[in-house]
Amino acid sequence: FYWTVTPERFMARMTDEFNAFWKDKTGNFDYNLKNIIIIASIVEEETNDNAEKPLIASVYLNRLERGMPLQADPTVKYAVGDFTLRRILHKHLATESPFNTYLHTGLPPAPICLPSKASIDAVLQAPETGYLYFCASEQLDGTHRFATTLDEHNRNARKYHRAISALGKN
């Protein structure tokens with residue numbers, strides 16, 4: 001853009017770019033554009049690892065399909081109003097907000113951030129998995145362990161908590 005562009009021309013260009021981006025992206029997808037962006041915003045805040053984003057998206061889509069609560073930590077950070085939280089504690093889970101997906105089933109009413117293209121594509125191209133759970137990896141490298149059952153998830157969570165405890169970060 002040149003500095004002389006009018007606000008009207010700027011908005012017209014942004015509309016054109018938006019429409020070009022979404023053309024043919026949502027095809028047979030079961031969710032409307034708003035819901036895609038809401039899910040992608042949660043995925044965006046869940047990880048910086050673009051390779052994991054489709055798997056994380058698959059977990060949330062599977063949970064929605066089954067009517068399970070999303071129980072997404074980033075939505076709790078949003079509800080609390082503090083994206084700097086490193087660990088979500090029980091006191092945070094009790095925060096009353098329509099954005100708290102531990103207290104409310106379904107999607108929050110709006111996105112919690114502006115998702116990247118990678119997060120949007122992760123939702124639109126999420127693989128079909130049986131995953132219903134994930135938690136941070138015991139490697140403490142920002143990756144996650146995925147699970148299809150609660151027992152498997154709990155084993156993964158215990159490994160993570162042991163790794164954190166070994167560092168003295170209870």
*To the nearest 0.5 Å, what is the distance between CG (Asp121) and CD1 (Ile36)?*
10.5 Å

*From Ile39 CD1 over to Ile56 CD1, what is the distance, rounded to the nearest 0.5 angstrom?*
13.5 Å

*Would you say the side chain of Met68 lies within less than 4.5 Å of the side chain of Thr105, judging by non-hydrogen atoms?*
no

*asked:* Assess whether a salt bridge exists between Glu138 and Arg158, defined as any Lys/Arg side-chain N lying under 4.0 Å from an Asp/Glu carboxylate O.
replied: no

*Could you go through the side-chain hydrogen bond (donor to acceptor under 3.5 Å, both in side chains) check for Thr149 and Asp151 one step at a time?*
CA-CA 5 Å; Thr149 67; Asp151 285 341; 5.5 Å; no

*Over all atoms of both residues, closest heavy-atom pair of Pro109 and Pro98*: CD-O, 3.5 Å

*With the threshold set at 4.0 Å, does a side-chain nitrogen-carboxylate oxygen contact exist between Glu44 and Lys53?*
yes

*How many angstroms lie between OG in Ser58 and CD in Glu128, if you round to the nearest 0.5 Å?*
10.0 Å

_Assigning hydrophobic clusters by single linkage (Ile, Leu, Val, Met, Phe, Trp, Tyr; side-chain heavy-atom cutoff under 4.5 Å), is Val76 placed with Phe83?_
no

*Are a donor atom and an acceptor atom from the side chains of Gln139 and His144 found within less than 3.5 Å of each other?*
no

*Can you get from Tyr160 to Leu150 by hopping between Ile, Leu, Val, Met, Phe, Trp and Tyr side chains that sit under 4.5 Å apart?*
no

_Pairwise distance CZ(Arg162) to CG(Leu167) - rounded to 0.5 angstrom_ = 13.5 Å

*Backbone N/O of His104 and side chain of Thr101: donor-acceptor pair under 3.5 Å*: no

*asked:* More than 12 heavy atoms of other residues, nucleotides or ligands under 6.0 Å from CG of Asn154: yes or no?
replied: yes

_Using the rule given for side-chain contact (heavy atoms from CB on, under 4.5 Å), can you reason through Lys77 versus Thr84, listing the C-alpha separation, both sets of side-chain angles and the distance that settles it, and then say yes or no?_
CA-CA 8 Å; Lys77 289 180 181 184; Thr84 66; over 6 Å; no

*Centroid separation Phe134 to Tyr60 less than 6.0 Å*: yes

*His92 NE2 to Thr95 OG1 distance, which is reported to the nearest 0.5 Å*: 7.0 Å

*Among the clusters formed by ILVMFWY side chains lying less than 4.5 Å apart, do Leu70 and Val80 turn up in the same one?*
no

*Between Arg63 and Pro69, is there a donor-acceptor pair closer than 3.5 Å when you use the side chain of the first and the backbone of the second?*
yes

*List in chain and number order the residues that pass side chain to side chain donor-acceptor pair (under 3.5 Å) with Thr4, two or more places apart in sequence or in another chain; answer none if no residue qualifies.*
none

*Is it possible for you to say whether Phe146 and Leu132 belong to one hydrophobic cluster, with membership spreading through side-chain heavy-atom contacts below 4.5 Å?*
no

*Give the minimum heavy-atom separation between Thr75 and Pro108, together with the two atoms involved.*
CG2-CG, 4.3 Å

*Nearest heavy-atom pair of Leu55 and Pro127: which atoms, and what distance?*
CD2-CG, 4.0 Å

*At their closest point, which heavy atom of Ala110 faces which heavy atom of Phe99, and how far apart are they?*
O-CE2, 3.3 Å

*Determine whether Ile38 and Leu124 fall in the same hydrophobic cluster, where Ile, Leu, Val, Met, Phe, Trp and Tyr are linked whenever their side-chain heavy atoms lie under 4.5 Å apart.*
yes

*Check: Thr129 main-chain N/O paired with Asn62 side-chain donor or acceptor under 3.5 Å*: yes

*asked:* Could you check whether any side-chain heavy atom of Ser41 comes within less than 4.5 Å of a side-chain heavy atom of Leu114, counting everything from C-beta outward?
replied: no

*Between the main-chain N or O of Leu93 and the side-chain N or O of Asn100, is there a donor-acceptor pair closer than 3.5 Å?*
yes

*asked:* Determine whether Gln71 and Tyr133 satisfy the following criterion, side-chain hydrogen bond (donor to acceptor under 3.5 Å, both in side chains), listing intermediate values before the conclusion.
replied: CA-CA 10 Å; Gln71 297 182 327; Tyr133 308 94; over 6 Å; no

*Strictly by modelled atom types, are Asp73 and Tyr102 linked by a side-chain donor-acceptor pair under 3.5 Å?*
yes

*Backbone N or O of Val43 within a donor-acceptor pair of the Ser119 side chain at under 3.5 Å?*
no

*For Asp49 and Thr47, test the side chains for any donor-to-acceptor distance below 3.5 angstrom and give the result as yes or no.*
no

*In Å, rounded to the nearest 0.5 Å, how long is the span from CG of Leu107 to CG of Asn35?*
5.0 Å

_Greater than 12 external heavy atoms within 6.0 Å of Met14's CE_ = yes

*asked:* Restricting to side chain to side chain donor-acceptor pair (under 3.5 Å), what partner residues turn up for Glu45, sequence neighbours left out?
replied: none

